[in-house]
Amino acid sequence: MRIVICGVGALGSHAAVLCRNLPATLRLVDFDRVESKNLLGQAYVKPSIGKNKATALKLQLANFYGVAVEAFGVRLTSQNTHELLDEADLLVDCFDNHASRTLVSTFARARARACVHAAVSGDGTYGLIRWDDQFVPDAEDEEGQATCEGGEHLPMIGLVSATLARTLQEFVELGTRTNSMVSRSGITRV
Amino acid sequence: MAILNITYDGMSVDYPRKINDGLADLDIRRIAVEVVRSGEVPGLHIAGLAERAFDHYVVDRLRTPQGELRMYLRPKVPFGEPAGDEAFRCVS
């Protein structure tokens, strides 16, 4: 089975680390580079600063855990979705913007591929894991609205990414699809 | 009729009374403000909650595996393009 994680920022990077033992090939897709501020909330280490995120995470997984994954340090566009996503048995959307989420969802629906979305609110108080058949990407309220960043959100990011990892594990091992909400009240399966 | 779950400031709680699932999102938000202010939502009582506290929140309508309709008033999660007209969000 091949799992393609689209976006390895806060949620995607931690989920990838937690999924390193799954009986599946992981593919990471992200065009962004690791910045020093990313060390606060994402699964990157200091020597990875300046590197492409997908490549950096691939190196970390190999060097720290001996796990081999695929990495594509490119921006997902309508021109390359087939090349990057067509071999996926499961698409995991961890992007942080409406356009990219829509791209993944559109591809998944057109190809009838399993697809799950993960997201965190900008204030770091709420997270969502939702399969594509019940997902509609939110639009931002104002242009340039901040995404969830900052070290203070790391515990919530950890909770959401762990919930996502568990969701992926259940899909791989049992074929089940569970939606979840994560808040300070706890994790609720919906 | 459906159960309304309200998430605010990191707390997610069910409003114990079922409400009309045909209500518009605007009405759902207004009801949520009232019941949170009045203390009718166990564990989520904020007497001074702002009138527009839920203005930028989303109402999801989801069916449980058992077929029960539930509504979730929650913060927005992802970000990106400028907000357009709000569409009625209804999934089954």
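So you know, we letter chains A, B, ... as the sequences are listed, proteins then strands, and number each from 1.
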Going by residue number, which parts of residues 46-54 of chain B are within reach of chain A, meaning a heavy-atom gap below 4.5 Å? none

Determine, using the 4.5 Å side-chain heavy-atom cutoff (strictly less than), whether Val13(B) and Val35(B) are members of one ILVMFWY cluster. yes

Return the minimal non-hydrogen interatomic distance between Gln134(A) and Arg63(B), and the atom names on each side. NE2-O, 4.2 Å

Hydrophobic clusters here meaning ILVMFWY residues chained together by side-chain heavy-atom distances under 4.5 Å, can you tell me if Val33(B) and Ile3(B) are in one? no

Answer with side chain, backbone, both or neither: which region of Met156(A) has an atom nearer than 4.5 Å to a non-hydrogen atom of chain B? neither

Same cluster or not: Leu26(B) versus Met71(B), using hydrophobic residues (I, L, V, M, F, W, Y) connected whenever any side-chain heavy atoms lie under 4.5 Å apart? no

Is it the case that more than 12 heavy atoms not belonging to Arg75(A) sit under 6.0 Å from its CZ atom? no

Within 6.0 Å of CZ in Arg17(B), more than 12 heavy atoms from elsewhere: no

Chain A contact via Tyr72(B) - which portion, at a heavy-atom distance below 4.5 Å: side chain

Please find the pair of heavy atoms, one from Ser12(B) and one from Met181(A), that lie closest to each other, and give the distance. OG-CE, 3.9 Å

Is it true that Ile129(A) and Leu22(A) fall in one hydrophobic cluster, defined by side-chain heavy atoms closer than 4.5 Å? yes

When rounded to the nearest 0.5 angstrom, what distance separates OG in Ser121(A) from CZ in Arg74(B)? 9.5 Å

Find out whether Arg130(A) and Leu62(B) are in side-chain contact, i.e. whether some heavy atom of one side chain is under 4.5 Å from a heavy atom of the other. yes

Looking only at atom types and distance, does a side-chain atom of Asp138(A) sit under 3.5 Å from a main-chain N or O of Val77(B), one as donor and one as acceptor? yes

Is it the case that atom NE2 in His82(A) sees more than 12 heavy atoms from other parts of the structure closer than 6.0 Å? no

When the 4.5 angstrom heavy-atom criterion is applied to Thr7(B) and chain A, the contacting part is side chain

Does Leu59(A) belong to the same Ile/Leu/Val/Met/Phe/Trp/Tyr cluster as Tyr44(A), with side-chain heavy atoms less than 4.5 Å apart forming each link? no

Honestly, the part of Asn5(B) sitting under 4.5 Å from a heavy atom of chain A is side chain

Nearest-0.5 Å distance, OH of residue Tyr8(B) to OH of residue Tyr126(A): 15.5 Å

